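Below is one structure, written out as structure tokens; comments come after it.
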There are 2 protein chains.
Amino acid sequence: MTAEPLSQPAPDRRQRRRQETIEEVLDIAVEIMATDGVAGLSLGEVARRMGIRPPSLYVYFPSKLALYDALFARGARQVHDVMAEAYGRMLEEATSFEDYLYTTSATYIRWRVSHPVYSQLLYWRPVPGFTPSEEAYAPAVAMVQQAIGVFREMQQRGWLRDDVPAEDIFRDWTVITSGVSSQQMSNAPDESFEQGRFTSALPGLVAMFIRHYGASPTPATVRRHGNVAKRTARKR
Amino acid sequence: MTAEPLSQPAPDRRQRRRQETIEEVLDIAVEIMATDGVAGLSLGEVARRMGIRPPSLYVYFPSKLALYDALFARGARQVHDVMAEAYGRMLEEATSFEDYLYTTSATYIRWRVSHPVYSQLLYWRPVPGFTPSEEAYAPAVAMVQQAIGVFREMQQRGWLRDDVPAEDIFRDWTVITSGVSSQQMSNAPDESFEQGRFTSALPGLVAMFIRHYGASPTPATVRRHGNVAKRTARKR
DNA sequence: GTCTATATGACGATAGAC
DNA sequence: GTCTATCGTCATATAGAC
């Protein structure tokens, strides 16, 4: 019948405090991986930078692999959220397939090159013995499904060829986006998205892709979504 | 004045024996990295599999990083040699830019997906603190220069647009080849080049690339190198 | 060139006191 | 939830005998 004594914080407050500590561990882990490599993460170094002793970390993570899994989950959720926002917004705002494709893929590539640690953990699997759990991986699956759904919508708008399955067109586009990200991070990791020697090739690659996969607009499409005539293939 | 005693082998023979041991170390190191990850290589495990003790390895490599450097050099030289052969042969045999581009890039991607360990070491740098020496890196530089030179030759043959620098066109093409390699190794590393879900997209990507960067053949070009009319952009 | 012995240290993880 | 103490393992690397 009495209120919670001050020395025993309410469960939700304790929970929140715990979550804050977990976030701090993840932040510091990312910092360490940025300098020592993804596989160079060590619990001792995390504890040292937090000003605690290594065994205390086991209150929050049962093992080092569990920490990697939490990092994977965090990265997958972040990129999912960023892309879900971009997909949704551009579905409303895009005036052409070129507009849609450039904006969303620039968002994706910018995230990857500005989060190289997550990018390596999520896409390159450099940690021996670590495989992400199904829960951690789920946002990545959702992101792909949403992206394919948007490509289908593009086909229905008449912005995209519909004689090829949306899955295949999307697969080809992932080759481009992952190629730009990979080349930029491998060859010039210190260049920003704006000045990168590979990221700056993106507009040209979008144009190439649309010349191949873009559909000629019907008059109805033009009326609904504006003039996209510039996308039409030039005769050589 | 006397011949070399049997217990003191001639210097060249000793040298050869030494080189054989070095090659064995490299072979076993690759085996270990294939299962334990590139960063999971350990000298103790190498020694165990060779049936020797860890200190004996220091006769051949002064440090673990030196071993990584030798592995990098070996991989860079291998892919250089494979590609130099392909470039040279296709310069003579190719009947079209499509023919040239598909064959050489298939060679490159096949090497990468069938040598995932070297591919990670050369392109993803997963080892904390390791940077390849200039000598080890040299074949990679030579390979890029040769490839750009071939693209220039393609421009002179009239197979490739010459209103864009060969360097830029080649950069765009590396985005495609590294994208296919990266996606295939990340998402389905156990699929072969022939049946891979991304590698099998290569012909379509070649077609897309040529639709954008291919040049219309002049009559003289056709006379010299055969009919390439099929590469001409279709009117939509 | 190979060995034994050893220096030196990090690592992940657990037990149990407070 | 944090600590001390510790276990067990493995690592790279060196010294010096044979």
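Quantities reported herein were computed from a predicted structural model and do not represent experimental measurements. Letters A, B, ... are given to chains in the order of the sequence lines, protein chains preceding strands, and every chain is numbered from 1.
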For C:dG16, take OP1 and OP2 only and decide whether either is under 4.0 Å from a side-chain N or O of A:Tyr58.
->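 Indeed not, no polar side-chain atom of A:Tyr58 lies that close.
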Look at the side-chain N and O atoms of B:Ser56 and state whether any lies under 4.0 Å from the OP1 or OP2 oxygen of C:dC3.
->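 True: B:Ser56 side-chain N/O within range (under 4.0 Å) of C:dC3 OP1/OP2.
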Please report, rounded to the nearest Å, how far the [atom2] atom of [N] is from the [atom1] atom of [X].
X	N	atom1	atom2	answer
A:Ile32	C:dA10	CD1	P	14 Å
B:Asp36	D:dA11	CG	C1'	14 Å
A:Tyr68	C:dG12	OH	C1'	12 Å
A:Arg14	D:dT2	CZ	P	13 Å
B:Glu45	D:dT9	CD	P	16 Å
A:Leu43	C:dA10	CG	C1'	12 Å
B:Arg53	C:dT6	CZ	P	15 Å
B:Leu67	D:dT12	CG	C1'	12 Å

When we call it a touch if two heavy atoms are under 4.0 Å apart, what does [X] touch: a base, just sugar-phosphate, or nothing?
X	result
A:Phe61	nothing
A:Leu41	sugar-phosphate
A:Ser63	sugar-phosphate
A:Pro54	nothing

Answer yes or no: is there a side-chain heavy-atom contact under 4.5 Å between B:Asp36 and B:Leu41?
->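 No, side chains not in contact.
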Report yes or no: does B:Tyr108 contribute a side-chain atom to a donor-acceptor pair with the main-chain N or O of B:Ser178 at less than 3.5 Å?
->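 Flag not set: sc B:Tyr108 to bb B:Ser178 has no pair under 3.5 Å.
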Just checking, is any N or O donor in the side chain of A:Gln19 or A:Glu23 under 3.5 Å from an acceptor N or O on the other one?
->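 Indeed, the side chains of A:Gln19 and A:Glu23 share at least one donor-acceptor pair under 3.5 Å.
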Test: A:Glu45 and A:Arg49 ion pair at under 4.0 Å =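 Yes, this pair counts.
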B:Ser42 side chain: which of D:dG1, D:dA11, C:dG12 is closest?
->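 Side chain of B:Ser42 sits closest to D:dA11.
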A:Ile52 has a side chain; which of C:dC3, D:dG1, D:dC3 sits nearest to it?
->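 Looking only at heavy atoms from C-beta outward on A:Ile52, the closest nucleotide is D:dC3.
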Report the residue (B:Pro55 or A:Pro62) whose heavy-atom-nearest nucleotide on DNA chain C is the more 5′ of the two.
->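 The 5'-side residue here is B:Pro55.
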Assign the ring pair A:Tyr100 / A:Phe151 to parallel, tilted or perpendicular, where the plane angle (0 to 90°) is split at 30° and 60°.
->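 Rings of A:Tyr100 and A:Phe151: perpendicular, as their planes differ by over 60°.
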